[in-house]
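Before any comments, here is the structure.
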Amino acid sequence: MRRREFLKRSSLSALYAWAGSSSIMTACHTEEDMIGKPGWIDNGAFDRPLHMLPVSAGNAALNASLTTTEILKGASSDSFSYAGQILGPTIVANTGEIRDVSLLNNLAEDTNIHWHGLILPENMDGHPRNVAAPGESLYYSLPVSQRAGTYWYHPHAHGRTARQVFMGLAGMFIVRDREEAALNLPSGAYEIPLIIQDKHFSGGNLDYSPTGEEIMTGYLGETVLVNGIHAPYLDVKSGWYRFRILNGSTARVYNIGFSGGVQFHLIGADGGLLRVAETLSSLLLGPGERMDIVVNFSGLQAGKEIYLISNAFLDYGPQGRQSFRIMKIVVNGQAGSDFVLPGTLSAIPSPDPASAVNVRVFDIAEMQSGGHRGMARHTINGKVFDIDRVDETVGAGTTEIWEFDNLEGDEIHPMHIHGVQFQVLERIGGRKKLIASEKGWKDTVLVMPGEKVRVIMTFPSYTGVFVLHCHNLEHEDDGMMLNYQIA
């Protein structure tokens with residue numbers, strides 16, 4: 001059953017105003033009748049400096065706990081923390097190293113860590129069945145065997161992932177290698193990690209309380225944070241900067257760009273560098289996806305203010321209707337980094353579709369009844385997650401093509417596969433073509449309503465059970481996830 005069919009049958013369709021094939025969800029924390037109108041997204045004053053997340057270049061000890069921190073200016077909020085403040089440290093490693101990370105669970109609920117994008121043994125990946133109860137610890141030994149890239153980490157306890165990420169448990173994991181180092185990309189003070197998340201507040205407190213409708217569409221907040229701060233500003237010098245941008249929201253899609261027509265150069269995506277840089281004015285970024293960009297501020301006058309923004313995009317229900325500011329950037333006019341954009345960035349082999357031993361189709365449009373407060377549940381191939389059931393089995397070292405079919409769907413689904421990096425072959429329907437970030441290695445791909453996306457991957461030698469799921473975390477927690485086994 002598709003969403004619109006469910007709503008019609010359940011007599012809830014009167015709660016939805018239809019725009020094309022999409023709906024506006026009338027939930028208390030989504031855009032409702034405010035969609036596209038001034039004042040829905042709280043742009044803020046942009047009068048607090050960007051918080052630079054601490055860096056861990058060695059082994060790390062994370063303590064998941066309840067804490068109190070200032071997120072909105074002048075207001076303290078309860079949040080979850082790995083290190084005493086919202087968001088965890090940026091862990092940095094070189095290819096070939098091993099990072100040991102300990103997790104102490106001081107929450108009142110189960111938790112764990114998934115190392116999103118890293119290719120790891122089954123017992124290190126953060127499967128939902130491998131959790132620490134309150135007061136217990138987990139130890140991760142992470143062999144970093146892949147190329148340089150912007151990865152991240154977050155909880156993956158089933159049914160609790162969205163809330164724990166929303167409340168502050170997430171962080172970046174940056175991998176470096178010799179190929180990337182040879183490019184002399186902007187570094188040090190000129191390399192800025194940015195974790196973008198939308199939040200809902202009740203007063204000054206973080207408030208994660210989705211309704212049934214919001215679980216269907218995804219929980220959307222009116223306040224956008226960068227590195228745990230609402231409406232920050234960043235002073236930059238006149239020159240090149242590198243921004244590693246992570247969409248750490250539970251459901252919101254951003255159309256990232258800069259005000260004033262300032263262009264940027266996309267150099268990398270989820271799984272590291274692209275073959276060549278792509279010059280862009282905007283780029284869609286779904287939950288869990290990353291973009292690695294360089295920007296040249298040399299042509300801007302001293303004192304010039306521009307904004308990192310999310311542009312409006314095609315109307316997909318409660319998303320995409322409004323443009324809004326995310327972070328202010330102020331150019332101070334001093335000479336900055338000396339950098340020349342290389343003509344070639346990386347050599348990326350393309351798996352041959354003819355080498356695929358199997359093609360699997362995953363229907364991600366179907367829904368079934370029995371969800372939260374009588375709402376429908378999102379499924380994959382008509383199934384909801386069973387932690388003990390293996391849904392698919394693949395061979396270690398084999399190549400397969402997977403198709404995520406949302407042609408008849410009404411919802412946005414960013415699909416993520418654990419344990420492997422893939423390349424996008426084609427998009428059928430909808431936008432009909434690949435976007436710039438889909439020209440390299442990926443672990444999460446945005447599948448819009450009316451689209452089918454085909455990806456190809458070669459599975460690693462690690463064996464065991466991993467998961468694939470929608471990275472709209474409300475969808476994931478509600479059961480839009482399957483187990484697959486590498487044997």
Side-chain angles (χ1 to χ4, degrees), residues 95-96 115-122 125 143-149 151 175 177 179-180 268-276 278 288-290 344-364 380-381 390-407 413-447 451-471 481-487:
T95 300
W115 307 94
H116 186 124
L118 296 180
I119 300 173
L120 299 169
E122 173 196 44
D125 178 68
V144 181
S145 59
Q146 63 207 85
R147 68 204 303 261
Y151 308 98
V175 177
D177 65 14
E179 180 187 49
E180 182 190 81
D270 298 351
L273 294 170
L274 304 180
R275 292 182 178 88
V276 297
E278 300 271 348
E289 291 187 301
R290 288 85 70 202
T344 301
L345 297 171
S346 179
I348 302 178
S350 296
D352 182 3
S355 67
V357 300
N358 202 357
V359 177
R360 299 176 196 258
V361 179
F362 297 92
D363 181 352
I364 59 174
I380 303 177
N381 285 344
V390 173
D391 301 285
E392 308 286 339
T393 300
V394 305
T398 63
T399 299
E400 292 198 1
I401 294 172
W402 287 10
E403 299 181 355
F404 296 113
D405 187 348
N406 200 25
L407 288 170
H413 295 304
M415 299 305 298
H416 172 49
I417 309 174
H418 287 216
V420 71
Q421 291 279 328
F422 56 76
Q423 291 184 23
V424 184
L425 291 175
E426 64 176 329
R427 174 173 282 106
I428 300 165
R431 293 169 289 163
K432 298 181 181 179
K433 60 183 180 181
L434 306 190
I435 63 174
S437 57
E438 294 168 345
K439 297 179 181 180
W441 290 106
K442 296 280 290 172
D443 52 59
T444 308
V445 64
L446 196 58
V447 188
E451 294 183 350
K452 178 194 288 187
V453 174
R454 304 176 74 238
V455 304
I456 186 170
M457 70 216 89
T458 300
F459 294 97
S461 59
Y462 293 132
T463 59
V465 176
F466 300 85
V467 293
L468 65 135
H469 61 85
C470 179
H471 220 282
M481 178 160 59
L482 298 180
N483 281 313
Y484 82 94
Q485 183 172 23
I486 302 177

CG of L468 to CG of D391: how many Å apart, nearest 0.5 Å? 8.0 Å
Atom CE in M481, atom CD1 in I380: separation rounded to 0.5 Å? 8.5 Å
Partner residues of R360 under the side-chain hydrogen bond (donor to acceptor under 3.5 Å, both in side chains) criterion, sequence neighbours left out: E392, E400
With sequence neighbours excluded, residues passing side-chain contact (heavy atoms from CB on, under 4.5 Å) with S346: R147, E179, L273, I348
With rounding to the nearest 0.5 angstrom, report the CD1 to CD distance, I119 to Q146. 5.0 Å
Pairing residues for F404 by the ring-ring contact (aromatic ring centres under 6.0 Å, His included) criterion, not counting sequence neighbours: F362
Is any side-chain heavy atom of V420 closer than 4.5 Å to a side-chain heavy atom of P460? yes
Would V453 and V424 satisfy side chain to side chain contact (heavy atoms under 4.5 Å, CB included), going step by step from the backbone distance to the final call? CA-CA 7 Å; V453 174; V424 184; 3.8 Å; yes
Answer yes or no: is there a side-chain heavy-atom contact under 4.5 Å between E289 and D270? yes
Euclidean distance, I364 CD1 relative to L482 CG, rounded to 0.5 Å: 11.0 Å
With sequence neighbours excluded, tell me which residues meet side-chain contact (heavy atoms from CB on, under 4.5 Å) with S461. none
For P414 and L446, the nearest pair of non-hydrogen atoms, with its separation, is CB-CD1, 4.0 Å
Listed by chain and number, what are the salt bridge (charged side-chain N to carboxylate O under 4.0 Å, His left out) partners of D177, not counting sequence neighbours? none
Output all residues satisfying salt bridge (charged side-chain N to carboxylate O under 4.0 Å, His left out) with E278, sequence neighbours left out; order by chain, then residue number. K439
Shortest non-hydrogen separation from A356 to I401 and the atoms involved: CB-CG1, 3.8 Å
Applying side-chain contact (heavy atoms from CB on, under 4.5 Å) to D125 and not counting sequence neighbours gives H114, H418, F466
Considering non-hydrogen atoms only, spot the tightest contact between V276 and T344 and give its length. CG1-CA, 4.4 Å
Contacts of F459 meeting ring-ring contact (aromatic ring centres under 6.0 Å, His included) (sequence neighbours excluded), chain-then-number -> W402, Y484
Spacing of CG belonging to D363 relative to CD belonging to E403, to within rounding of 0.5 Å: 11.5 Å
Using side-chain heavy atoms (C-beta onward) and a distance below 4.5 Å, is M415 in contact with V455? no
Quick one: NE2 on H413 to NE2 on H471, what's the gap to the nearest 0.5 Å? 14.5 Å
Qualifying residues under side-chain contact (heavy atoms from CB on, under 4.5 Å), relative to T393, sequence neighbours excluded: V390, Q485, A487
Closest heavy-atom pair, G271 versus Q421, reported as atoms and distance to 0.1 Å, is CA-OE1, 3.4 Å
If we only count heavy atoms from C-beta on, is the P121 to P143 side-chain gap below 4.5 Å? yes
Please report the shortest heavy-atom distance between P349 and P351, naming the atom on each side. O-CD, 3.7 Å
Note, T463 side chain near E122 side chain (heavy atom, < 4.5 Å): no
List for me each residue that meets side-chain hydrogen bond (donor to acceptor under 3.5 Å, both in side chains) alongside S437, sequence neighbours excluded, and say none if there are none. none
Kindly indicate whether the side chain of V175, heavy atoms from C-beta on, has any atom under 4.5 Å from the side chain of Y151. yes
Taking only residues at least two apart or on different chains, which pairs with a member in residues 415-429 satisfy salt bridge (Lys or Arg N to Asp or Glu O under 4.0 Å)? E426-R454, R427-E438, R427-E451
Test item: Q423 and S350 side chains (from C-beta on) under 4.5 Å apart, heavy atoms: yes
For D443, give me all partners under salt bridge (charged side-chain N to carboxylate O under 4.0 Å, His left out), at least two apart in sequence or on another chain. R290
